[in-house]
Amino acid sequence: MGSLQIFLSAAALLVLVLAAIDGAQADTMVSGTVFCDQCKDGERSLFDYPVYGIKVQVACSDSNGRVTMSREETTNWFGNYAVKFDGTPDLSGCYAKVSSSGQGSCGIPAGPAQSLRLVFRMFDMEMYAVDSLLTQPAQPMSFCPKSSNPVPAPVTPAPPRQVAPAPPRQVTPAPPRQVTPASPPPYRLPPIAPLPPMPHLPPLPPMPHLPPLPPLPPMPPLPFLEATACPHQSWTMTEYKCYWRAVSPDTKVAVIFGMLAAQRYGTDLTLWQGLQGRGDPYRTLLREGITAFLNSYNSLQYTYNTIEVVQQMNSGLMGSKRNVLYTALRRAWNRCSLESWTVNGTFAAGKLSLKEATIDDIQLAFKHNQLTSRQLVQYYLAQIRKLNPVLKGVLEVNPDALHLADKADYERKTKAPVSLLSKLHGIPILVKDNIATKDKMNTTAGSLALLGSVVPRDAGVVEKLRKAGAIILGKASLSEWSHFRSDYAHSGWSARGGYGLNPYTFSDPCGSSSGSAISVAANLAMVSLGTETDGSILCPSGYNSVVGIKPTIGLTSRAGVVPISQRQDTVGPISRTVADAAYVLDAITGIDHNDIATIETSKYIPKGGYAQFLRRDGLRGKRIGILRAFYDFGNDTSLAQTFEKHLTILRKAGAVLVDNLEVANRTEIYSSSDENNALSVECKISLNAYLKELVASPVRSLADVIAFNNKHQKLEKIKEYGQELFLAAEATNGFGKTEKAALLNLARWTRNGLVRLVTEKKLDAVVTPKADFSRVLAIGGAPGLIVPAGYENNGRPAGICFGGLRGSEPKLIEIAYAFEQATKIRKPPSFNGLKF
């Protein structure tokens, strides 16, 4: 919560400054923030959050308590308010208070009014700040510590009271003290000589007249995804004009950098002209100072913030020419350090291509000092900045990603044990936004209802990734609520992220782990985590030409994952190669006492891990069943021929193919509503339990989520997509006869279908095109592994899926890896001719 408070304070100050500059002719601004005091203790705490839509009154009273001047403003989404007064009235005795109850669960005014503090005065402008104001809910939250101190109601400061002076007090003089004659006289210091008069200082030269401040454009959106720096040449290019946000090329240098800059460069020089400077140290300093200023508000990852840039610019101007040149060179160096690591996706020093790079490639580059984790993270942040506005595969990046990269580089330099033992050390990984991370990022399942919620801890799989030294790069987008809010919503759509796009067809990416697959396919990340209840890893992996592993239920922890069903939910890796997927699977499997299913399922984890099964001869002797009912390609004869060739490759590599097999009860599995009936009751139970465990959350139950969606119908697109799956789940009341019968049917179909088939035919795996077999695997809690296999007539990729019984991941990895090495079908998406 501390970082949120710092961010909100900075946002409030930025709003205040820009608003004041926008109308710089003798205006006064008052700014502050309103927080929800959830514990009703009258103090700011970890649980408090900013309140939107609360009215705040700024008022001044005379000596009799009469209000002489008053303004009212409503808080924005950050809980900030900014009140403007014309001219420069004396506000030293004024105050701010919450003036009326707001909407929502935390709208009751609480706590005292706050006095105004003058924080800035310049150009006939005055800026006042106000300590945080508080509102409160009707009752304190359940997670709050017990307190016996009620919060006082808002109190308006009383006007100064006139007090008559007290009469002088009569003091009786003390009798003289008797001193013994033998005592020595008291020591006295010699008198101090008077100081010489101060020399007469000459008057200061008149300050130059500054031109009027130009009006500013509206505030741009927060650039949280922009993490690179641009050289001064780029800022003068036409295509970069859209990045001149808070200032324009015609803005005066003196307006940005102040009086010292006005004295050195004059009052007419523009930022555009300053970018052309060279040769003279002062012009070089100005050029690099302007470049740093523009980069500072375009990138949250830039070395210096905007205020530091202005401060250091003025510090340089006050020093010698040597200091001027040093400051300019330091600016250029910090910019270049962000640029030099990549040239068209290639690390300049070692000519290592980062596009399509594997974990083994990167670890080798680390070993030979050709690459650092910082450079790798910067590459992916640049890719996200470039491509994500169109593809929308990433919801947010981790603001600490570069710090974590520096930590990994230090561990590698000092040969820390984790850097020597883990394949994932220093590797950036995206996780799906329904997987909890206890850091500065949100965990929302793509829904606005969970925006701002606070998770109690890292998800079990995230904790294991951190222990392996991986860097959590950010949160991948997804189909909202893992596509269990409505069947009518588009795959890849969420209220937070918009529409995710397949990078090959710019259409349906499949879901619900859409962003995890999009990002890996388009080189926004090397690997990612997805989740699956039924097809949510296998389908998007196939559609986006990447590798996806849907593990056995319980092989990976589901603790900290926004749930649908504890019976069918699982977490698995998505990557560009089978090897990378196996490395991630090695890191995230194992016992987690917050998910008891992992205790029993840990018996399936092979000693020595999964990477040992990456064998080129992995198909030799494997018995693989062909389920012909799933080989219907319609009019796409080309894809049909492609899969027949793949079956031939499997035979040639030594596999024994058992053809024309059928899964018993296949028709019932795919036509019955039993799976949905079971998922509905499981969703309500598990989602309510997850929401109640959150440290803080706007919603605490499925019913709350439904109400939130109804209240925000436009943002959540309720009219377009509805929420019929949520409504059906909310209507359930535990496991009744219908739900129990459904669970019995699902277990019977698995026992008599997949399990009997594999056992009787002594199969190591079955093989099907695409991800159509996912439902059979889902209801049985069985694993599946999908690998790129080709492309349909419309250009959309298609995968080949290998499935087996519970715990058969080693065999599936052997088969899939050998097939991948024999075919190597995957091609990265081509963006030729497209501008991002």
Side-chain angles (χ1 to χ4, degrees), residues 510 532-539 541-542 548-553 555 565 567-570 572 604 619 622-634 639-640 643-644 646-647 650-651 655-679 741-787 789 798-816 819:
C510 200
E532 175 160 338
T533 305
D534 184 344
S536 291
I537 290 176
L538 298 178
C539 183
S541 296
I549 298 180
K550 180 249 178 192
T552 299
I553 299 300
L555 193 68
S565 164
R567 183 179 48 83
Q568 289 188 203
D569 290 348
T570 189
Y604 294 128
L619 280 164
K622 294 294 190 299
R623 289 178 58 84
I624 302 175
I626 303 173
L627 305 176
R628 286 293 177 179
F630 294 91
Y631 284 70
D632 182 6
F633 301 100
L639 193 62
F643 273 89
E644 287 303 318
H646 291 337
L647 296 180
L650 294 176
R651 288 191 187 95
V656 177
L657 301 188
V658 185
D659 208 343
N660 296 309
L661 298 182
E662 176 65 48
V663 174
N665 304 310
R666 178 180 60 86
T667 303
E668 289 91 337
I669 291 173
Y670 282 88
S671 62
S672 171
S673 62
D674 283 345
E675 183 188 25
N676 270 349
N677 290 339
L679 292 179
L743 291 176
L744 290 174
N745 286 338
L746 296 176
R748 176 169 53 84
W749 293 337
T750 296
R751 186 172 58 253
N752 296 337
L754 179 63
V755 174
R756 177 175 294 176
L757 175 69
V758 172
T759 304
E760 290 182 354
K761 299 297 181 180
K762 298 181 180 179
L763 302 177
D764 295 296
V766 296
V767 60
T768 61
K770 308 181 185 178
D772 296 342
F773 193 59
S774 66
R775 181 168 294 186
V776 177
L777 299 175
I779 66 172
L785 200 164
I786 196 164
V787 182
I800 184 170
C801 181
F802 302 98
L805 299 183
R806 292 190 178 208
S808 63
E809 282 85 356
K811 293 180 180 179
L812 299 184
I813 290 172
E814 284 185 317
I815 293 169
F819 173 82

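Below, all heavy atoms of this structure are taken into account, side chains as well, without hydrogens, waters or symmetry copies.
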Hydrogens and angles aside, do Gln568 and Glu675 bring a side-chain donor and acceptor to less than 3.5 Å of each other?
yes
Least distance between heavy atoms, Glu532 atom then Ser774 atom
OE2-CB, 4.2 Å
Checking side-chain contact (heavy atoms from CB on, under 4.5 Å) for the pair Leu757/Leu661: CA distance, chi angles, key distance, verdict?
CA-CA 8 Å; Leu757 175 69; Leu661 298 182; 4.1 Å; yes
Can a donor-acceptor pair be found between the side chains of Asn752 and Arg756 at a distance below 3.5 Å?
yes
Heavy-atom check, side chain of Phe643 versus side chain of Thr768, under 4.5 Å
no
Interatomic distance, Glu809 atom CD to Tyr604 atom OH [nearest 0.5 angstrom]:
9.5 Å
Scanning both residues in full, the closest heavy-atom pair of Phe773 with Val766 reads CE2-CG2, 3.5 Å
Rounded to the nearest 0.5 Å, what separates atom CG in Leu805 from atom OG1 in Thr759?
5.5 Å
Is a side-chain donor or acceptor of Arg623 paired with a backbone partner of Val656 at a separation under 3.5 angstrom?
no
Measure across Leu746 and Ala678 and return the closest heavy-atom pair with its distance rounded to 0.1 Å.
CD1-CB, 4.2 Å
If you look at every heavy atom in Ile779 and Val776, which pair is closest and at what distance?
CG1-O, 3.6 Å
Residues Ala765 and Leu812: closest non-hydrogen pair is CB-CD2, 3.8 Å
Would you check if the side chain of Ser541 reaches a backbone N or O of Leu538 as a donor-acceptor pair within less than 3.5 Å?
no
Is there a side-chain contact between Phe630 and Arg666 (heavy atoms, below 4.5 Å)?
yes
Minimal non-hydrogen separation, Leu754 against Ala782, with atom names:
CD2-CB, 4.1 Å
From Leu619 atom CG to Ile624 atom CD1, the distance as rounded to the nearest 0.5 Å
5.5 Å
With a 4.5 Å cut-off on side-chain heavy atoms, are Leu679 and Thr533 touching?
yes
Side-chain contact test, heavy atoms from C-beta onward, threshold under 4.5 Å: evaluate it for Ile813 versus Leu785 and give yes or no.
yes
Rounded at 0.5 Å granularity, tell me how far CG in Asp772 sits from SG in Cys801.
9.5 Å
N/O donor-acceptor pair under 3.5 Å between Arg567 side chain and Ile553 backbone
no
Are Asp764 and Lys622 close enough for a salt bridge, meaning some N to O gap below 4.0 Å?
no
Mind checking the SG-CD1 spacing from Cys539 to Ile786? Nearest 0.5 Å is all I need.
7.5 Å
Counting only heavy atoms from other residues, nucleotides and ligands, does the tally under 6.0 Å from CG of Asp632 exceed 12?
no
Side chains of Glu662 and Leu627 in contact at under 4.5 Å (non-hydrogen atoms)
no
List the steps, then state whether side-chain contact (heavy atoms from CB on, under 4.5 Å) holds for Ile626 with Asn660.
CA-CA 6 Å; Ile626 303 173; Asn660 296 309; over 6 Å; no
Between His646 (side chain only) and Ile800 (backbone N and O only), is there a donor and an acceptor less than 3.5 Å apart?
no
The single option from Thr570, Leu555, Asp534 passing side-chain contact (heavy atoms from CB on, under 4.5 Å) against Lys550:
Thr570
dist Trp749:CH2 -> Asp674:CG (nearest 0.5 Å) comes out at 4.5 Å
Tell me, with the steps shown, if Arg775 and Glu668 meet salt bridge (Lys or Arg N to Asp or Glu O under 4.0 Å).
CA-CA 11 Å; Arg775 181 168 294 186; Glu668 289 91 337; over 6 Å; no
